[in-house]
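Okay, so here's the structure we're looking at.
The chain is numbered in sequence order, starting from 1.
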Amino acid sequence: MAEDNDPTKKFLDATEKYQERLHKLWKVVFKKVSAHLKNMVSFTRLVANVAKEIAAIIGKSVVDRVINAAQTVEGLITNIPVLLRTALLLGRRIIAKIKKAADPNEVIPTLKKLFTRYVRMIKQVFAFITNLIQQLDILGTVFGVIGTFQSVLRALFSWITDVTGAKDGAVKAQRMLRKIWKEMKREVKEAELLRKQVMKLKAKPA
């Protein structure tokens, strides 16, 4: 068990704090984000199926932006929860290693490796969230363009009116993600600082 004067204690406390954040992201935030983006995913798949026909009306560049951004979003909302689960497993391993160590000096070499990997995963989650927000920005813009052509497109594709639901869902998801992004920005900087500190730890002779 790590004591207050144990050099590994701060990394135990930090990992436990980050675990709470990652667990919330996995079990709460991304379940809601995925639900909000359900209509967007369905809508953009329909757009992709008739890309040429729609491109003839609103332009190929607009349709390409919808398809590319939507594919990236689908990939991110699939991969982020996977990365979160992996990070949580690693976090549990770090916590167990520190708590079970009879002598904190014995765990320092392993802690350096595991904590570095853990911080790298946290930074990757943050980067993925940043990218997801950016892609939703793109979709919001092109959904607006589609909306201006809605009356023309509706004559060919009745489902084009679903653009409203797709856009609303994207806005709700983005609102949640922006809040999380602001909260995580400080934690990512802190985690990187801790990574540098853990690498400076030296095991003292028994």
Got a second to check how far T72's OG1 is from F128's CZ, nearest 0.5 Å?
11.0 Å
Can you check salt bridge (Lys or Arg N to Asp or Glu O under 4.0 Å) on E192 and K189, steps first, answer last?
CA-CA 5 Å; E192 177 58 21; K189 289 182 179 179; over 6 Å; no
Determine whether more than 12 heavy atoms belonging to other residues, nucleotides or ligands lie under 6.0 Å from atom CZ of R21.
yes
Using the rule that two of Ile, Leu, Val, Met, Phe, Trp, Tyr join whenever any of their side-chain heavy atoms come within less than 4.5 Å, decide whether V171 and I180 are in one cluster.
no
Heavy-atom closest pair, residues M184 and L25
SD-CD1, 3.8 Å
Before you tell me yes or no, could you show the steps for E16 and I95 under side chain to side chain contact (heavy atoms under 4.5 Å, CB included), namely the whole-Å CA-CA distance, both residues' side-chain angles and the distance that decides it to 0.1 Å?
CA-CA 7 Å; E16 289 178 333; I95 292 169; 3.7 Å; yes
Please step through side chain to side chain contact (heavy atoms under 4.5 Å, CB included) for the pair W181 and L177, ending with a clear verdict.
CA-CA 6 Å; W181 187 91; L177 292 168; 6.0 Å; no
To check you understand the geometry: which heavy-atom pair defines the closest contact between T15 and G91, and what is its length?
CG2-O, 3.6 Å
I want to check something: taking the side chain as every heavy atom from C-beta on, are F11 and I94 in contact at a cut-off of under 4.5 Å?
no
For E20, is there an ion pair with K17 - N to carboxylate O distance below 4.0 angstrom?
no
Let me see the working for D6 and L12 under side chain to side chain contact (heavy atoms under 4.5 Å, CB included), right down to the final yes or no.
CA-CA 10 Å; D6 183 341; L12 171 63; over 6 Å; no
When you compare the side chain of K60 with that of V63, does any pair of heavy atoms fall below 4.5 Å?
no
Check whether any side-chain heavy atom of N68 lies under 4.5 Å from a side-chain heavy atom of Q71, and answer yes or no.
yes
Rounded at 0.5 Å granularity, tell me how far CG in D168 sits from CG in N39.
9.0 Å
Tell me whether I133 shares a hydrophobic cluster with V28, the cluster being built from Ile, Leu, Val, Met, Phe, Trp, Tyr side chains joined at under 4.5 Å.
no
I need the minimum non-hydrogen distance between T161 and S158, along with the two atoms involved.
OG1-O, 3.3 Å
Closest heavy-atom pair and its distance - V62, I58
CG2-O, 3.6 Å
E187 and Y18: which non-hydrogen atoms are nearest, and at how many Å?
O-OH, 3.8 Å
Could you state the interatomic distance from OG1 (T8) to CG (D103), rounded to the nearest 0.5 Å?
9.5 Å
Could you tell me whether the side chain of K97 reaches within less than 4.5 Å of the side chain of L111, counting heavy atoms only?
no
Taking the side chain as every heavy atom from C-beta outward, state whether V145 and R65 have any pair of such atoms under 4.5 Å apart.
no
Would you say F143 and T44 make side-chain contact, with heavy atoms under 4.5 Å?
yes
Between K9 and D13, is there a side-chain N and carboxylate O pair less than 4.0 Å apart?
yes
Joint hydrophobic cluster, I138 plus V47, side-chain heavy atoms closer than 4.5 Å
no
Could you go through L194 and V119, starting from their C-alpha distance and side-chain angles, then the distance that decides it, and tell me whether this counts as side chain to side chain contact (heavy atoms under 4.5 Å, CB included)?
CA-CA 9 Å; L194 285 168; V119 171; 5.7 Å; no
Where at least one partner belongs to residues 23-42, residue pairs that pass ring pair (Phe, Tyr, Trp, His ring centres under 6.0 Å), sequence neighbours excluded:
none
Can you get from V107 to Y118 by hopping between Ile, Leu, Val, Met, Phe, Trp and Tyr side chains that sit under 4.5 Å apart?
no
Applying salt bridge (Lys or Arg N to Asp or Glu O under 4.0 Å) as the test, list every pair that has at least one member in residues 28-52; sequence neighbours left out.
R45-E74
Atom pair CG (L139) and CG (L37), whose distance is rounded to the nearest 0.5 Å:
9.0 Å
Rounding to 0.5 Å, atoms NZ (K27) and CZ (R85) come to a distance of 9.0 Å
Could you pull out the closest heavy-atom pair between A48 and I67, with the gap in Å?
CA-CD1, 3.9 Å
OG1 of T110 to NZ of K112: how many Å apart, nearest 0.5 Å?
11.0 Å
Side-chain heavy atoms under 4.5 angstrom apart, residues restricted to Ile, Leu, Val, Met, Phe, Trp, Tyr: same cluster for I122 and M199?
yes
Heavy atoms, side chains only, cut-off 4.5 Å: are I57 and L153 in contact?
yes
So do the side chains of F43 and T164 get within less than 4.5 Å of each other, counting heavy atoms only?
no
Does any N or O in the side chain of Q19 come within less than 3.5 Å of the main-chain N or O of L88, such that one atom is a donor and the other an acceptor?
yes
